[in-house]
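A note on names: the letters A, B, ... follow the listed sequences, proteins ahead of strands, and every chain is numbered from 1.
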2 protein chains.
Amino acid sequence: MNLRGLRYFLAVAKEKHFGRAAEKCFVSQPSLSTQIKNLELELGVQLLERSNKKVMLTEIGEEIAVSTQRILSEIDTIKELAENSNDAFSRKFKLGAFPTLAAYILPSIVTKIQKELPKLNLILLEEKTEILLQKLRSGEIDAALLAMPVNESQFQHDILFNDEFYLAVPETHKLSHRKKIDIAELDDEKLMLLEDGHCFREQALDLCQREGIGVEDEFRATSLETLRLMVKSGTGITIIPNIARHQNETGITYIPFDKICPYRTIAMVWRKSSSKKKVIRHVSKLTKKLVE
Amino acid sequence: MNLRGLRYFLAVAKEKHFGRAAEKCFVSQPSLSTQIKNLELELGVQLLERSNKKVMLTEIGEEIAVSTQRILSEIDTIKELAENSNDAFSRKFKLGAFPTLAAYILPSIVTKIQKELPKLNLILLEEKTEILLQKLRSGEIDAALLAMPVNESQFQHDILFNDEFYLAVPETHKLSHRKKIDIAELDDEKLMLLEDGHCFREQALDLCQREGIGVEDEFRATSLETLRLMVKSGTGITIIPNIARHQNETGITYIPFDKICPYRTIAMVWRKSSSKKKVIRHVSKLTKKLVE
DNA sequence: ATTGATCATAGTTAAAAACTATTGATATCA
DNA sequence: TGATATCAATAGTTTTTAACTATGATCAAT
């Protein structure tokens, strides 16, 4: 079956006149007649009673006209959906971020977006990187804030900023007075790290192994906040990314690294095939401004 | 917009795979791809996210897929309606009859049809001929039992039977002993007739004028039953069609005409363009049998 | 690097639907 | 009653649409 035929049929059903119906459909009367004849032929039913005096709907024609009206209305609905959807900035936008970033950056992103893109329906998700990648692949989220590198050719990314690492020591620690520190100096220290699955654990662990720094292997924190509290309580030392530092915090000292400064690179990541690239780029831009 | 494109789109929405969707639609993959591309182009929206790894619906694609499903279901509804309607014998059949016939023939027609065509949804209408013709023209009824002639070229008819006229006189009337009567003998009688608008009045009036019979002009009965009662009560004489006679009735005598027997011809009448000719012919046949 | 899977594109053929002109059947009017 | 007008159907042709095959591009897996 064919929408054209249905449209023509409904026009005749309304006009009760082939010529006028054809006019309304912007086609010639024979074209319209033929389409309707074919429709009747295909359905095996007579929809219209014709005479040169008047055109009438058969009983079954009436019923089919009602269905046809429903179909054409639904077509209009689709067109409206399409039109309204063109403004992706007034639709859902699902953004993920991994835990050691999420808590520190999402609040300000939300505030910024509410101000700049008030119609955007922002939906946030805090998960570890692996989960985010999987949800990104499956289309459950539109984009994610991730630490580089992300090596999947189906994704594209936009680097937002570098998040420098700081050495976090208790105020009582022997290094706490230092303004800067060289990684090489940590030879005989042992760092506390996060539990498995956190990308920040992997990054810190890589660093330790590369630089020959020890790791406090008995202990694995479930979050950066736990880690911070452990440092404050004098249990040990660790590395904290810049974004997670607090201003004017007592009991803990953040020491920047000298010479080689380790950092993580945060980027917005999305599917190449995504239909929301415009929104994604815009949110990326806003996020960049936030951390300037 | 085009049903084909919608069908293909929904297939991909279900299969999440162009190749398999194309198979299900019995077309080549490029044909299907092109149709979907055109649909997206026309709507100005991306419905699907494609990569060579997987196919995903966009948010708006999901919404439009729901509408599309509704449309295709409604198409199925139309096909079902058409299929089921093909048996016109299980649908409505609206039959009209004029008053001086209806009361005497419709009851037995109903009984016969209930027995022979039990699925037929018979709807009856008793109206004067003019009203019936108008409703027949407008399609409000499918057929009518009418007295001939009916001269409208848009109609067809099937003659059912001739309904002979009888002279009805009170038992006390001077003619009541007669077995037969010649119309010419009624020169000095005055007949009571029905009110205006009844075709039977017209027929009787024609007869009176043709044969020089008088008409009781003060009195116009609203129905044949009134007329019959008037005769019984001895008020006057009249003509009654055969079908309206009662068996073994007291107080009234029906005398058949000799030589020239006046009668009315009853036929089934319908629009040439009617889609129910089969049912109509069948009902005609049943009605003929009834009066045999 | 090669292979295999998947969707897009190009070019061509086949099918569908449009158009104009005309016919046929009725209805209206002189 | 015959001429004219109306209206849908039909015929024949052109245009448009959609199918097909073959090939290209991309990317994951081997």
*Asks:* Between A/Glu40 (CD) and D/dA9 (P), how many Å, whole number?
*Replies:*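 To the nearest whole Å, that distance equals 8 Å.
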*Asks:* Give one of base, sugar-phosphate or nothing for B/Asn38, where a contact means two heavy atoms less than 4.0 Å apart.
*Replies:*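 Here B/Asn38 touches no strand at all.
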*Asks:* Crowded around A/Lys285 NZ? As in, over 12 foreign heavy atoms under 6.0 Å?
*Replies:*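 Atom NZ in A/Lys285 is not crowded, with 12 or fewer foreign heavy atoms closer than 6.0 Å.
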*Asks:* If you check every side-chain atom of B/Thr34, which of C/dA17, D/dA18, C/dT9 has the closest atom?
*Replies:*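 Minimum distance to the B/Thr34 side chain belongs to C/dT9.
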*Asks:* If I take atom CZ in residue B/Arg271 and atom C1' in nucleotide C/dT26, what distance separates them, rounded to the nearest angstrom?
*Replies:*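 The distance from CZ of B/Arg271 to C1' of C/dT26 comes to 17 Å, rounded to the nearest Å.
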*Asks:* Could you tell me whether the phosphate oxygens of C/dC7, OP1 or OP2, come under 4.0 Å of any side-chain nitrogen or oxygen in B/His17?
*Replies:*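 Looking at the OP1 and OP2 atoms of C/dC7, one of them is under 4.0 Å from a side-chain N or O of B/His17.
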*Asks:* Provide, to the nearest angstrom, the distance between the CZ atom belonging to A/Phe155 and the C1' atom belonging to D/dA28.
*Replies:*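 Between C1' of D/dA28 and CZ of A/Phe155: 13 Å.
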*Asks:* Among B/Lys276, B/Lys94, B/Lys92, find the residue that satisfies the side chain to side chain donor-acceptor pair (under 3.5 Å) test when tested with A/Glu59.
*Replies:*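 With A/Glu59 as partner, B/Lys276, B/Lys94, B/Lys92 yield a single side chain to side chain donor-acceptor pair (under 3.5 Å), made by B/Lys276.
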*Asks:* Rounded to whole angstroms, how far apart are CG on A/Leu6 and P on C/dA17?
*Replies:*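 Checked: the CG to P distance equals 12 Å.
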*Asks:* Closest approach to the side chain of A/Ser31, judged atom by atom: which nucleotide of D/dA18, C/dC7, C/dA18 is it?
*Replies:*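 Output: C/dA18.
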*Asks:* Of all the nucleotides listed (C/dA18, D/dA19, D/dA9), which has the minimum atom distance to the side chain of A/Gln35?
*Replies:*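 Taking heavy atoms from C-beta onward, the closest nucleotide is C/dA18.
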*Asks:* Under 4.0 Å between any heavy atoms, over every strand shown, what does A/Lys272 touch: base, sugar-phosphate, or nothing? Just pick one.
*Replies:*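 Sugar-phosphate, no base atom in range.
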*Asks:* Using whole Å, report how far CE of B/Met56 lies from C1' of C/dT6.
*Replies:*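 Going from CE in B/Met56 over to C1' in C/dT6 covers 14 Å.
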*Asks:* To the nearest Å, give me how far apart CG (B/Leu3) and P (C/dA16) are.
*Replies:*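 To the nearest whole Å, that distance equals 15 Å.
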*Asks:* Scan side-chain atoms only and decide if B/Gln69 and B/Ser73 contain a donor-acceptor pair under the 3.5 Å cut-off.
*Replies:*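 Their side chains do contain a donor-acceptor pair, which is all the 3.5 Å distance test asks for.
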*Asks:* For B/Thr100 and B/Arg264, which I'm curious about, is there any donor-acceptor pair between the side chains at under 3.5 Å?
*Replies:*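 Note: B/Thr100 and B/Arg264 side chains meet the donor-acceptor criterion.
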*Asks:* If you check the A/Ser153 side chain, which of D/dA19, D/dA28, C/dT9 turns out closest?
*Replies:*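 Looking only at side-chain atoms, A/Ser153 lies closest to D/dA28.
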*Asks:* Report the distance from atom CG of B/Leu41 to atom C1' of C/dT9, rounded to the nearest whole Å.
*Replies:*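 Nearest whole value for this atom pair: 14 Å.
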*Asks:* Select from A/Leu32 and B/Lys16 the residue whose nearest nucleotide in DNA chain C is closer to the 5' end of that strand.
*Replies:*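 Taking each residue's closest nucleotide, the earlier one in sequence belongs to B/Lys16.
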*Asks:* If you compare every side-chain N and O of A/Arg4 against the phosphate oxygens of C/dA16 (OP1, OP2), does one of them come in below 4.0 Å?
*Replies:*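 Looking at the OP1 and OP2 atoms of C/dA16, neither is under 4.0 Å from any side-chain N or O of A/Arg4.
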*Asks:* Regarding A/Lys37, tell me which of base, sugar-phosphate or nothing describes its non-hydrogen contacts under 4.0 Å with the strands shown.
*Replies:*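 Sugar-phosphate only.
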*Asks:* Can you tell me if the side-chain N/O atoms of B/Tyr8 get under 4.0 Å from OP1 or OP2 in C/dC7?
*Replies:*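 For C/dC7, OP1/OP2 do not have a side-chain N/O of B/Tyr8 under 4.0 Å.
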*Asks:* If you measure from OG1 on A/Thr68 to OH on A/Tyr8, what distance do you get to the nearest 0.5 Å?
*Replies:*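 With rounding to 0.5 Å, OG1 (A/Thr68) is 14.5 Å from OH (A/Tyr8).
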*Asks:* Could you say whether A/Gln154 or A/Gly19 is positioned toward the 5' end of DNA chain D, judged by the nucleotide with the nearest heavy atom to each?
*Replies:*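 On the 5' side of the pair lies A/Gly19.
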*Asks:* For B/Gln29, report the nucleic acid contact type (base, sugar-phosphate, nothing); a contact means any heavy atom under 4.0 Å.
*Replies:*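 The residue B/Gln29 makes base contact.
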*Asks:* Tell me what A/Ser28 touches on the nucleic acid: a base, only sugar-phosphate, or nothing, going by heavy atoms under 4.0 Å.
*Replies:*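 Base: the residue A/Ser28, judged by heavy atoms under 4.0 Å, touches a nucleobase.
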*Asks:* Go through D/dA9, C/dA18, D/dA19 for me and flag the one nearest to the A/Pro30 side chain.
*Replies:*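 Ranking D/dA9, C/dA18, D/dA19 by closest atom to the A/Pro30 side chain puts D/dA9 first.
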*Asks:* Closest to the B/Arg50 side chain: D/dC7, C/dC7, D/dA19?
*Replies:*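 Of the options given, the side chain of B/Arg50 lies nearest C/dC7.
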*Asks:* Once you round it to whole Å, what is the distance between P of D/dT16 and CG of B/Asn2?
*Replies:*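 Whole-Å distance recorded here is 17 Å.
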*Asks:* The criterion is salt bridge (charged side-chain N to carboxylate O under 4.0 Å, His left out); which residues satisfy it with A/Arg4, sequence neighbours excluded?
*Replies:*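 Testing A/Arg4 for salt bridge (charged side-chain N to carboxylate O under 4.0 Å, His left out), a comparison that skips the adjacent residues, returns none.
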*Asks:* By nearest heavy atom, map B/Glu152 and B/Val55 onto DNA chain C; which one lands nearer the 5' end?
*Replies:*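 Here B/Val55 is the residue nearer the 5' end.
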*Asks:* Measure from the side-chain heavy atoms of A/Val27 and tell me the nearest of C/dA18, D/dA18, C/dC7.
*Replies:*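 Shortest atom-to-atom distance from the side chain points to C/dA18.
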